[in-house]
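Reviewing the structure listed below.
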Amino acid sequence: MRMIGRRSSVDEVVGQLNEALTQGAWAIGDRLPTEQRLTEELGVSRTVIREAVRALVHLGVLETRQGAGTYVVSTIDPAPMLRRFGTADVREVFEVQLGFDVQAAQLAAMRRTDADLLRLRGLLAARNRATVPEEFARADADFHLAVVEAAGNSVLLECYRFFVGRLHDSLHALRSQDVIQESGAEPHNALLAAIEAGDEAGAAAAAAAAIRPSLNALTEQFRVP
């Protein structure tokens with residue numbers, strides 16, 4: 001693969017990698033070249049490569065597998081959606097999450113596998129014990145993404161992979177400021193229980209209950225006097 005230019009900006013390297021993906025340099029399922037090879041081809045530092053790859057992982061374009069390397073999971077150009085996500089306010093993020101999560105919860109209750117349930121239990125336990133804002137934001141986003149994965153809808157999952165990065169940032173900001181009510185463990189526990197029981201209506205209600213407290217508080221903040 002040939003790359004033009006030797007630019008050091010992480011954003012520019014993200015753009016170069018994304019361009020290579022959309023032009024077919026790698027297909028879904030392909031392993032990305034090693035960090036060393038990318039460093040040599042792009043003429044940038046390992047730190048820049050590492051941050052650029054991390055950004056694309058965060059966006060759901062790439063996936064890092066422990067001990068196996070980094071793999072392509074999407075070749076769709078995220079730039080237009082990312083620009084819109086970047087300007088969205090936190091309330092808009094939670095409004096979108098409500099729609100995504102309710103639908104995903106219903107589908108997950110229908111389609112979850114034993115492997116899905118095992119993973120969801122572990123992620124929920126990590127979420128419920130997280131206290132540091134960054135740790136909590138990552139654990140919460142990971143749990144909700146896993147519910148979408150259990151839903152078994154590839155289009156919904158593709159959309160959510162792009163969305164989850166903005167969700168993580170919003171959760172981190174709210175947790176750091178400690179001014180917005182957060183639903184806590186109870187509705188999340190109820191969500192997992194409903195998915196496990198195959199209760200579609202219960203799963204949808206629990207998913208909504210997990211988001212509503214924050215969304216209602218944000219809506220009140222944005223209300224015009």
Side-chain angles (χ1 to χ4, degrees), residues 54 57-60 62-68 70-71 73 90 93-94 96-154 156-218:
R54 186 181 299 120
V57 169
H58 194 56
L59 297 171
L62 302 176
E63 179 181 75
T64 299
R65 300 174 187 171
Q66 188 67 32
T70 302
Y71 290 78
V73 294
V90 178
V93 171
F94 278 89
V96 171
Q97 187 193 8
L98 180 63
F100 276 149
D101 281 23
V102 169
Q103 180 63 28
Q106 290 177 302
L107 293 174
M110 293 170 52
R111 302 172 179 170
R112 88 293 182 278
T113 65
D114 289 343
D116 290 329
L117 292 174
L118 182 63
R119 182 162 181 258
L120 284 167
R121 291 186 196 107
L123 291 172
L124 181 59
R127 181 205 180 274
N128 289 344
R129 65 173 176 262
T131 54
V132 178
E134 171 59 31
E135 178 189 11
F136 171 81
R138 171 53 52 203
D140 187 87
D142 285 348
F143 173 75
H144 287 281
L145 177 59
V147 172
V148 178
E149 290 172 339
N153 184 301
S154 61
L156 180 60
L157 178 58
E158 191 76 30
C159 292
Y160 209 87
R161 283 187 183 278
F162 289 124
F163 170 74
V164 76
R166 188 66 178 88
L167 174 61
H168 166 274
D169 293 343
S170 299
L171 289 166
H172 183 272
L174 293 182
R175 193 75 170 203
S176 298
Q177 296 166 7
D178 196 26
V179 294
I180 296 297
Q181 181 182 3
E182 192 265 316
S183 59
E186 183 175 347
H188 290 81
N189 293 338
L191 173 57
L192 178 54
I195 291 173
E196 187 167 5
D199 179 359
E200 297 172 47
I211 301 165
R212 279 294 182 189
S214 296
L215 179 56
N216 289 345
L218 288 165

Show every donor-acceptor pair shorter than 3.5 Å between a side-chain atom in residues 199-213 and any protein atom, with sequence neighbours excluded, or say none if there are none.
from	atom 1	to	atom 2	distance (Å)
Asp199	OD1	Ala201	N	3.4
Asp199	OD1	Gly202	N	2.9

For Asn153, side chain to side chain donor-acceptor pair (under 3.5 Å) partners two or more places apart: none
Separation of Leu145 CG from Glu149 CD (nearest 0.5 Å): 4.0 Å
Pairwise side-chain contact, Asn189 with Asn128, heavy-atom cut-off 4.5 Å (strictly under): yes
Minimum-distance pair of heavy atoms, taken over all atoms of Phe143 and Leu191: CE2-CD2, 3.9 Å
Nearest heavy-atom neighbours spanning Leu124 and Leu192: CD2-CD2, 3.6 Å
Inter-residue atom distance Leu62.CG - Tyr71.OH, 0.5 Å rounding: 12.5 Å
For Glu186, side chain to side chain donor-acceptor pair (under 3.5 Å) partners two or more places apart: none
Shortest non-hydrogen contact between Gly184 and Arg127, atoms and distance: O-NH1, 3.7 Å
Residue pair Asp101, His144: steps toward the side-chain hydrogen bond (donor to acceptor under 3.5 Å, both in side chains) verdict: CA-CA 7 Å; Asp101 281 23; His144 287 281; 2.8 Å; yes
Throw together a table of side-chain donor-acceptor distances under 3.5 angstrom for residues 106-114, partners on residues two or more places apart or in other chains.
from	atom 1	to	atom 2	distance (Å)
Arg111	NH1	Ala151	O	3.0
Arg111	NH1	Gly152	O	3.4
Arg112	NE	Ile195	O	2.8
Arg112	NH2	Glu196	O	2.6
Thr113	OG1	Ala115	N	3.4
Thr113	OG1	Asp116	N	3.0
Thr113	OG1	Asp116	OD2	3.1

